[in-house]
**Q** 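Let me give you the structure first, and then I'll get to my questions.
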Amino acid sequence: MKSSAPGKIILFGEHAVVYNRPALAVPVTQVHADVEVLDSPRAGIFIHAPGIDLHAELNSLPPDHPIASVILKVFSTLRLPSPTGRRAGDEGGVEISITSSIPVASGLGSGAAVSVALIRALSSFISHPLLDEEVNTLAFEIEKLHHGTPSGIDNTVITYNKPVYFIKGQPMETFKVGKPFTIVVGDTGISAPTKESVGDVRLLWLRDTSNFENYFNEIAQIALIARRSIEHGRPELLGELMDHNHSILQSLTVSSPELDKLVGAARNAGALGAKLSGGGRGGNMIALVDQAGAESVAQALISAGAKRTIITEVR
Ligand code: PMV
């Protein structure tokens with residue numbers, strides 16, 4: 001049984017979304033996590049994730065291991081006794097192989113994509129395929145185990161593989177893209193745990209609540225206008241909104257010199273606007289470009305120190 005899940009980018013609203021403001025996120029299908037679950041002649045559940053050099057039997061991993069926890073969660077949700085007791089009387093076991101082209105800890109949703117693909121492949125393999133809503137709920141549980149107080153935006157956009165307008169705790173809303181547009185993603189190559197930047201913003205918010213509430217309100221306005229612009233087929237309006245959103249993220253202290261450098265380089269190379277995307281401090285930035293200008297913006301990002309770029313069309 002195979003399953004694949006895309007990466008994602010947040011277009012607008014990161015951090016403010018943790019405080020119940022709306023955010024927009026879209027899947028990035030150029031990168032993905034892939035999981036295959038197969039019968040195996042040897043007993044036990046063997047996990048192979050060459051990208052993180054993991055080759056282990058499930059029982060040898062701590063239960064809170066990011067991959068073990070997904071497997072255990074699937075079994076407990078389905079009220080199946082224990083993963084190894086999957087088939088009473090069956091000598092054989094299971095091989096799970098996990099590969100991913102999504103860079104880790106960089107704001108592209110690598111953890112959530114592995115969770116979603118693994119939940120789908122494993123639940124289908126044991127003949128209990130889950131509905132999208134159930135997959136999303138489970139993946140959110142896993143995000144909470146590993147990321148403190150996540151909003152749930154990553155697991156949602158990745159589970160549904162569609163553009164989403166997301167408000168924490170509210171039913172998921174997708175939105176239509178009136179006219180496709182092109183985004184260049186630039187990776188600083190700096191791995192920056194989202195948990196830390198989210199934690200730091202929380203401390204600052206506690207200390208300076210009214211200013212931070214104002215920042216979050218401004219970001220919410222930007223997300224609303226952005227959604228309307230996308231739906232009405234006016235994506236060119238997003239450039240200025242990205243620039244504005246980035247400057248507020250700087251005020252939240254979640255940008256970094258490297259992100260600012262890439263954002264500046266993209267603008268100088270003709271991007272219509274640019275901002276960091278995701279938790280910040282490292283990870284990725286995004287730039288809105290004319291399709292024809294995408295390659296030269298990507299090149300400018302590499303010259304400014306980006307470790308890799310992805311050109312993706314939002315449709
Ligand atoms: O770093 P990412 O792409 O996982 O995004 C985090 C987005 C935040 O708003 C900063 C946190 C969250 O849980 O929504």
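Both counts, for ligands and for their atoms, begin at 1 and track the order of listing.
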**Q** When you measure from the centre of the six-membered ring of F216, is the NZ or CZ of R21 under 6.0 Å away and within 45° of the axis?
**A** no
**Q** Given G282, S277, P150, G278, which has its nearest heavy atom closest to atom 5 (O) of ligand 1?
**A** G278
**Q** Given that the side chain starts at C-beta and the backbone is N, CA, C, O, which of these parts of K8 lies under 4.0 Å from ligand 1, counting heavy atoms, or is it both or neither?
**A** side chain
**Q** How many angstroms lie between CD1 in I248 and NE2 in H15, if you round to the nearest 0.5 Å?
**A** 13.0 Å
**Q** Does K261 NZ have over 12 foreign heavy atoms under 6.0 Å away?
**A** no
**Q** Quick test: of every protein heavy atom, which one is nearest to atom 13 (O) of ligand 1, and how far off is it to 0.1 Å?
**A** S151 N, 2.8 Å
**Q** Please verify the inter-ring angle class for Y19 with W205; under 30° counts as parallel, over 60° as perpendicular, anything in between as tilted.
**A** tilted
**Q** Do D132 and T159 pair up side chain to side chain, a donor and an acceptor below 3.5 Å, judged on atom types alone?
**A** no
**Q** Out of T29, D154, N155, which residue meets the side-chain hydrogen bond (donor to acceptor under 3.5 Å, both in side chains) rule with K8?
**A** D154
**Q** Polar contacts were defined as any N/O atom of the residue lying under 3.5 Å from an N/O atom of the ligand; does this apply to V198 and ligand 1?
**A** no
**Q** Nearest protein heavy-atom contact for atom 9 (O) of ligand 1: which residue, which atom, what distance?
**A** H15 N, 2.8 Å
**Q** I need the atoms of ligand 1 closer than 4.0 Å to a non-hydrogen atom of V17, numbered in the order shown.
**A** 9 (O), 14 (O)
**Q** Which residue supplies the protein heavy atom nearest to atom 1 (O) of ligand 1, what is that atom called, and how far is it?
**A** T194 OG1, 2.6 Å
**Q** Could you tell me the separation between the CG atom of L301 and the CG atom of D187, rounded to the nearest 0.5 Å?
**A** 10.5 Å
**Q** Tell me: protein heavy atom nearest atom 4 (O) of ligand 1, and distance?
**A** D154 OD2, 2.9 Å
**Q** Does any N/O atom on G279 come nearer than 3.5 Å to any N/O atom on ligand 1?
**A** yes
**Q** Starting from atom 7 (C) of ligand 1, find the nearest protein heavy-atom neighbour and note its residue, name and distance.
**A** I10 CD1, 3.5 Å
